[in-house]
Amino acid sequence: SQTIHQWPATLVQPVGSPLSLECTVEGTSNPNLYWYRQAAGRGLQLLFYSVGIGQISSEVPQNLSASRPQDRQFILSSKKLLLSDSGFYLCAWSVDEASGNPKETQYFGPGTRLLVL
Amino acid sequence: ELKVEQNPLFLSMQEGKNYTIYCNYSTTSDRLYWYRQDPGKSLESLFVLLSNGAVKQEGRLMASLDTKARLSTLHITAAVHDLSATYFCAVVPTGTASKLTFGTGTRLQVTL
């Protein structure tokens with residue numbers, strides 16, 4: 001079965017510091033990968049998605065970047081955090097459209113709670 | 001720009017009662033998803049609705065999709081306290097791969 005991991009689970013960082021959040025998926029190949037952010041008490045906003053190694057699409061202009069160095073690894077980064085970067089970051093995966101049913105749901109990881117002070 | 005609106009945003013209901021959460025979206029879509037989120041937790045997939053008229057049921061929850069009206073409903077039957085959570089619908093606009101746009105969420109509180 002497939003599993004998705006995120007770490008760290010919780011992070012408190014000062015404004016201006018760098019950020020690296022990691023997401024890995026097990027049990028599937030060539031998944032589509034996604035980063036979402038959920039601000040406190042709000043819905044989810046898609047930040048980045050990737051259909052393959054090195055292929056990243058950004059959905060909103062922001063202080064963050066994403067990379068996919070390996071098939072099942074997705075990293076969210078920032079060089080200098082802002083207060084507004086605080087939130088709950090969720091990684092998700094879905095079946096690659098070429099190899100499976102593209103209409104399956106997205107499966108979410110446990111999330112990383114980031115507080116920027 | 002795609003808009004996905006849910007109502008109500010907050011719902012307090014007594015155990016044993018029935019209620020419906022509505023999800024309206026502003027563009028054509030052939031896929032709609034419902035998720036559940038417990039406080040401080042990640043999202044759990046509830047239903048995937050793939051065609052007009054689709055209806056799915058799991059326990060006390062039933063979801064339906066009307067693509068012509070651009071409307072999905074999540075019906076709760078005889079609510080129990082364990083259903084207390086926030087419920088999100090999410091839409092994939094036609095022709096946009098698998099990028100989900102989420103609704104605002106409905107926070108459901110079931111009281112004894």
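Within every chain, numbering begins at 1; the chains are lettered A, B, ... in the order of the sequence lines, protein sequences first and strands thereafter.
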| remark: Scored by heavy-atom pairs under 4.5 Å with chain A, the best of S42(B), A90(B), S45(B) is S42(B)
Chain B contact via [X] - side chain, backbone, both or neither, heavy atoms under 4.5 Å:
X: Q6(A); answer: neither
X: L90(A); answer: side chain
X: Q45(A); answer: neither

| Going by distance alone, is a donor N or O of one side chain under 3.5 Å from an acceptor N or O of the other, for T20(B) and T73(B)? | no
| Is R107(B) close enough and on-axis enough to F10(B), meaning under 6.0 Å and within 45°, for cation-pi? | no
| field | Gap separating the CG atom of L61(B) from the CG atom of L83(B), nearest 0.5 angstrom | value | 5.5 Å
| Which portion of Q37(B) sits near chain A, non-hydrogen atoms under 4.5 angstrom | side chain
| request: Please flag which part of F47(B) lies under 4.5 Å from any non-hydrogen atom of chain A: side chain, backbone, both or neither. | output: neither
| So, do Y107(A) and W93(A) have ring centers that fall under 6.0 Å from each other? | yes
| said: Tell me whether the rings of F102(B) and F108(A) are parallel (<30°), tilted (30 to 60°) or perpendicular (>60°). | reply: perpendicular
